[in-house]
Protein chains: 2
Amino acid sequence: MSPESALDHVPVSVTPLEQFEQYLRRRGRRNTVQRRVVLDCVFRAHDHFDVDRLIEKLPRRGQPKYVSRPTIYRTLAEFVDAGLLRKFELGGRAVYELNYGYPDHDHLYCQGCQSLIEFQSDALVALRDAVAAQHRFRVTGHRLMITGLCAECQSGARRRPRRQPRS
Amino acid sequence: MSPESALDHVPVSVTPLEQFEQYLRRRGRRNTVQRRVVLDCVFRAHDHFDVDRLIEKLPRRGQPKYVSRPTIYRTLAEFVDAGLLRKFELGGRAVYELNYGYPDHDHLYCQGCQSLIEFQSDALVALRDAVAAQHRFRVTGHRLMITGLCAECQSGARRRPRRQPRS
DNA sequence: TTGCGTGCAAAAGGTTTGCATAAAT
DNA sequence: ATTTATGCAAACCTTTTGCACGCAA
C-alpha cells in the first residue's frame, strides 16, 4: 500500500448529506428542512424506488415533516443533478436508485415479481464502448435491462405481485 | 440445400398483412378498414416512430380513411401482440419499431438530435445470457440503450432538434 | 431584507376506458 | 343477427408549472 492510499480508502469520508450540502452551497441554494427530510429517507434503506414508494415512507399531509409531491419531484431531480441518485424509467414510471459510491450497474427485471436484480459487468462496458467507437459515437452512459423470470418465479407461481405497470 | 429449405427460404412469403390477418383469424377478430390503414402506414417506410409521428402520416379527422387516436393505440398494441412491432419507452413516450423479419437489435440514442441508431451484437446477447445464467434468471428479452452524442452532433451544434423529452 | 423554496391547485402530456353506434362476420 | 370495433369524450396517471406565501441566509 502506498502512503496516499490511506486517504483514498477512508471508507465514507463524505456522506450523501455532506455531498449534497456542498452541491447546494456551490450554487448558492438553500439547505431546507424538506431537502433534508427527503435525503434522509432516500438514504436510509432504499435501493431503488419510485416516487410513490418514497412517499409511503414520508410523513403524510398535516404531519410534522410533511413534504409535498411537487417538492419531492423537484428534490429528486436535484439529487440526480448532484450525482447522488440515478433515474430511469420502467413501465411508464420514473425509478430512482442510489448512485452514492456505487459502481455503475445494470438490471435484471423479473416480470413475475417486478423485482430488480443488479449486476455489474466490465465486459458490458467494454462492449458498449467498442460499439460506440464503431459508430463514432461519444458515450455518456447506457442502460441495459434484461427481462425475464427470476429463479424464484420460475419455480412455483408468481409471488409478491406489486403493481401492474401501465405498458 | 435440403428439399424443405426451398420453402423456408422463400424470402417474404408471409407479408405483415398476411401475418396479421392470420393473427386476427386465429382469435376470431375482425379485419377492419382501420387496422388495414394503420398497418399499411406502419409498414410503408417507418423504422421506429412514436404515436404522434404516425398520426402525422395518417388522414386527419374528417378525411376518408381517418383512424381515431384510441383506435391507433389499440391497434399498435395488437401489432405488438402479433409480433409485428416491438415497443419501448423513451423520454416518457412509447416508441415502436418494426419486428418483421428483423434480427433483434439495440440502439444508440443521440441526446443532441434525438436520433436512434441501430446496432446488432451477438456478443451482447452472449454476455446477456451469461449474466442471466449466473443469476439463474430465464431471459425473455433485453433492451440496451447507449446514450451520448452521434458523430454529427459532436462536430458543430445540435441539428434537427425534434421535441424535448419530458425527463 | 432579499430572494429562493414551498405548498396548493391546476395544467400538461401521454395513454386508457366507458359507452352508444357502426360495421364485420 | 350477433358481436366485435370504432369514435367520442372523458378519465387516468404521472409529472410539471404558476403563483402567493414562508423561510433561509
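Values reported hereafter were calculated over all heavy atoms of this structure, with side chains retained and with hydrogens, waters and symmetry mates removed. A note on names: the letters A, B, ... follow the listed sequences, proteins ahead of strands, and every chain is numbered from 1.
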Whole angstroms only, please: what is the [atom1]-[atom2] distance between [X] and [N]?
X     : N      : atom1 : atom2 : value
B/Q63 : D/dG7  : CD    : P     : 14 Å
B/L24 : C/dA24 : CG    : C1'   : 12 Å
B/K87 : C/dT16 : NZ    : C1'   : 11 Å
B/R61 : D/dG7  : CZ    : C1'   : 9 Å
B/I55 : D/dG7  : CD1   : P     : 11 Å
A/R53 : D/dT15 : CZ    : P     : 12 Å
B/I72 : D/dA5  : CD1   : C1'   : 14 Å
A/L58 : C/dT6  : CG    : P     : 13 Å

Where each residue is assigned the nucleotide of DNA chain C containing its nearest heavy atom, which of A/G28 and A/R69 is assigned the position nearer the 5′ end?
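Mapping each residue to its closest nucleotide by heavy atoms, the 5'-most match is A/G28.
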Once side-chain hydrogen bond (donor to acceptor under 3.5 Å, both in side chains) is applied, do any residues pair with [X], and if so which ones, sequence neighbours excluded?
X     : answer
B/Q34 : none
B/D81 : B/Y23, B/R27
B/R30 : none
A/R69 : A/D52

Who pairs with [X] by salt bridge (Lys or Arg N to Asp or Glu O under 4.0 Å), at least two apart in sequence or on another chain?
X      : result
A/R74  : none
A/D129 : none
A/R44  : A/D40

Distance-only, no hydrogens or angles: does the B/Q19 side chain make a donor-acceptor pair with backbone N or O of B/A82 under 3.5 Å?
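It does hold such a pair.
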In degrees, rounded to 10°, what is the bend between the two ends of the helix from C/dT1-D/dA25 to C/dT25-D/dA1, using five pairs at each?
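If I round to tens, the end axes sit 30° apart.
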Are OP1 or OP2 of [N] and a side-chain N or O of [X] less than 4.0 angstrom apart?
X     : N      : value
A/S68 : C/dT6  : no
B/Y73 : C/dT15 : yes
B/Y96 : C/dT15 : no
B/Q34 : C/dA22 : no

No-hydrogen, no-angle side-chain donor-acceptor test under 3.5 Å, B/Q120 and B/D104
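No, because no side-chain N or O of B/Q120 sits under 3.5 Å from a partner of the opposite role on B/D104.
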Summary of protein contacts for nucleotides 18-25 of chain D, nucleotide by nucleotide, where a base hit scores B, a sugar-phosphate-only hit scores S (4.0 Å, heavy atoms):
B-----BS
